[in-house]
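Only this structure's heavy atoms are used, side chains among them; waters, hydrogens and symmetry mates stay out. To find a chain, count down the sequence lines: A is the first, B the second, and so on, and within it residues start at 1.
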Protein chains: 2
Amino acid sequence: MSLRHAVLGILAQKPVTGFELLSEFDISRSVIWPAPQNEVYRVLRVLKQEGLAREVARGARGSRTYAITDAGREALRAWLMAPSDYSLRYEPMLKAVFLSEVGGEDRRERAKADLAFFEEQLAILKIRGEAVQRSPDAPGKRVDAWRMAISFYQAMAEWARAAAAGDR
Amino acid sequence: MSLRHAVLGILAQKPVTGFELLSEFDISRSVIWPAPQNEVYRVLRVLKQEGLAREVARGARGSRTYAITDAGREALRAWLMAPSDYSLRYEPMLKAVFLSEVGGEDRRERAKADLAFFEEQLAILKIRGEAVQRSPDAPGKRVDAWRMAISFYQAMAEWARAAAAGDR
DNA sequence: ATATCACATGTGACTGATCACATGTCGAGG
DNA sequence: CCTCGACATGTGATCAGTCACATGTGATAT
């Protein structure tokens with residue numbers, strides 16, 4: 001997995017410029033990790049070179065609009081259906097592994113900070129969810145990601161609530 | 001976040017050799033991602049050089065046992081309590097974002113494959129959980145990680161079950 | 001004796017991610 | 001007219017992670 005796939009996926013929905021791509025990453029930061037700005041442009045160039053995307057237009061301020069090619073669509077589909085890499089890199093989970101190394105007070109503090117974030121994400125996702133419901137076939141109706149993210153943050157919040165309360 | 005912290009955390013529980021560290025990573029692969037073999041040895045050398053770990057013994061077959069130093073403990077604690085990086089890199093979630101790009105049949109197939117994995121992990125975690133319950137203060141009583149992982153995989157399985165059944 | 005396997009550590013090359021910095025354009029408002 | 005902020009793309013250095021490969025030891029069984 002890498003940025004490549006995320007970029008290819010967004011490209012599959014509509015042609016975009018690097019700049020627009022960046023804001024896509026920013027908007028969906030609850031689900032997709034934040035992309036380093038320069039890497040997006042590099043990925044776009046590589047994708048083009050590999051024939052998975054092509055440059056379809058030049059706009060103002062030197063902007064380049066990229067679109068997915070047939071080969072790109074095929075590559076995306078192949079990746080989606082290929083066996084997944086289930087390895088999880090999530091800092092809060094890694095911290096949980098070693099949380100026994102700090103005292104009870106610190107542990108609760110850690111869990112509280114986590115809980116605040118998880119609840120914030122849930123609130124954001126719920127607001128976005130209403131928009132999804134209103135327009136069922138909206139641009140990129142990402143129902144699966146939305147549901148998975150809701151499930152995920154609910155699970156995380158559940159853990160954090162118990163730990164913040166001091167449950168052992 | 002990086003391997004550094006995972007290695008430091010394990011070191012905080014007991015002195016280990018690189019080889020033992022590798023098997024730790026292997027054992028807890030439901031929670032910590034698999035560590036590339038050579039990287040573990042590199043991290044150990046770096047940690048030593050930075051004064052966060054020290055070499056405490058040489059054993060058979062050139063094995064080197066490392067232990068955490070006071071500075072290492074302090075660094076671990078600082079990391080644990082520092083604001084977390086909540087960005088999530090998880091291939092199944094990224095795939096979910098773009099799952100609308102494939103047909104209903106493919107989507108169910110994808111979800112089924114995921115479900116099988118999530119349920120397997122839950123089974124593994126439950127078996128390990130019984131051991132945790134029996135020895136409440138066992139070596140590295142990682143209750144937090146265990147609970148978080150259970151919550152996590154239950155959430156994932158819940159999503160996958162719905163998607164595999166074809167829910168829209 | 002010696003073959004084999006588990007133990008144990010390492011190097012070199014490469015790729016992808018990240019950081020810091022650099023450059024230029026277009027439109028709106030003072 | 002000029003400044004400022006949003007738009008838009010890029011380079012170079014560095015680092016962590018990954019892949020492929022290399023090397024050697026000690027115990028055990030045949």
### Message
Please determine whether ring-ring contact (aromatic ring centres under 6.0 Å, His included) holds for the pair A/Phe152 and B/Phe152, giving the CA-CA distance in whole Å, both sets of side-chain angles, and the decisive distance to 0.1 Å.
### Response
CA-CA 6 Å; A/Phe152 172 76; B/Phe152 171 76; 5.8 Å; yes
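Each of A/Ala60 and A/Pro34 was assigned the nucleotide of DNA chain C with the nearest heavy atom; the assignment lying further toward the 5' end belongs to A/Pro34. Place B/Arg61 and B/Val43 on DNA chain D by their nearest nucleotides, and B/Val43 ends up nearer the 5' end. Mapping B/Gln37 and A/Arg4 onto DNA chain C by nearest heavy atom places B/Gln37 at the nucleotide closer to the 5' end.
Side-chain atoms of A/Asn38 lie closest to D/dT11 of the nucleotides D/dT11, C/dA8, D/dA16. Taking only side-chain atoms of B/Tyr41, from C-beta outward, the nucleotide of C/dC19, C/dG10, C/dG16 with the closest atom is C/dG10. Among D/dG17, C/dA17, C/dT9, the nucleotide with an atom closest to any side-chain atom of B/Ser63 is C/dT9. Each of D/dT18, D/dT9, C/dT18 was ranked by its minimum atom distance to the side chain of B/Pro36; first place goes to D/dT18. When distances run from any side-chain atom of B/Arg64 to the nucleotides C/dG10, D/dA16, C/dA13, the shortest one goes to C/dG10.
A salt bridge between B/Glu50 and B/Arg4 is present, with a side-chain N of the basic residue lying under 4.0 Å from a carboxylate O of the acidic one.
Of all heavy-atom pairs spanning A/Ala67 and A/Leu11, the tightest one is C-CG, 4.2 Å.
The side-chain heavy atoms of B/His5 and B/Leu76, taken from C-beta on, include no pair separated by under 4.5 Å. Side-chain contact between B/Asp144 and A/Val97 is absent, with no heavy atoms from C-beta onward closer than 4.5 Å.
Atoms CG (B/Leu22) and P (D/dG17) sit 14 Å apart, rounded to a whole Å. In this structure, A/Trp33 places its CH2 atom 8 Å from P of C/dA17, rounding to the nearest Å. The interatomic distance linking A/Arg58 (CZ) with C/dG24 (C1') rounds to 15 Å, in whole Å. Between the CG atom of B/Leu44 and the P atom of C/dT11 there is a distance of 13 Å, rounded to whole Å. Computed from coordinates, the B/Glu39 CD to D/dA20 P distance equals 16 Å when rounded to whole Å. In this structure, B/Phe25 places its CZ atom 11 Å from P of D/dT18, rounding to the nearest Å. Atoms CD (B/Glu20) and C1' (C/dA6) sit 14 Å apart, rounded to a whole Å. Between A/Ile32 atom CD1 and C/dA17 atom P there is a gap of 13 Å when expressed in whole angstrom units.
In terms of polar N and O atoms assigned as donor or acceptor, the side chain of A/Arg42 never comes within less than 3.5 Å of the base of C/dT15 in a complementary pairing. For a distance-only test at 3.5 Å, the side chain of A/Arg45 fails to qualify as a donor-acceptor partner of the base of D/dT9. Not a single donor-acceptor pair, N or O on each side, falls under 3.5 Å between the base of D/dG17 and the side chain of B/Arg89.
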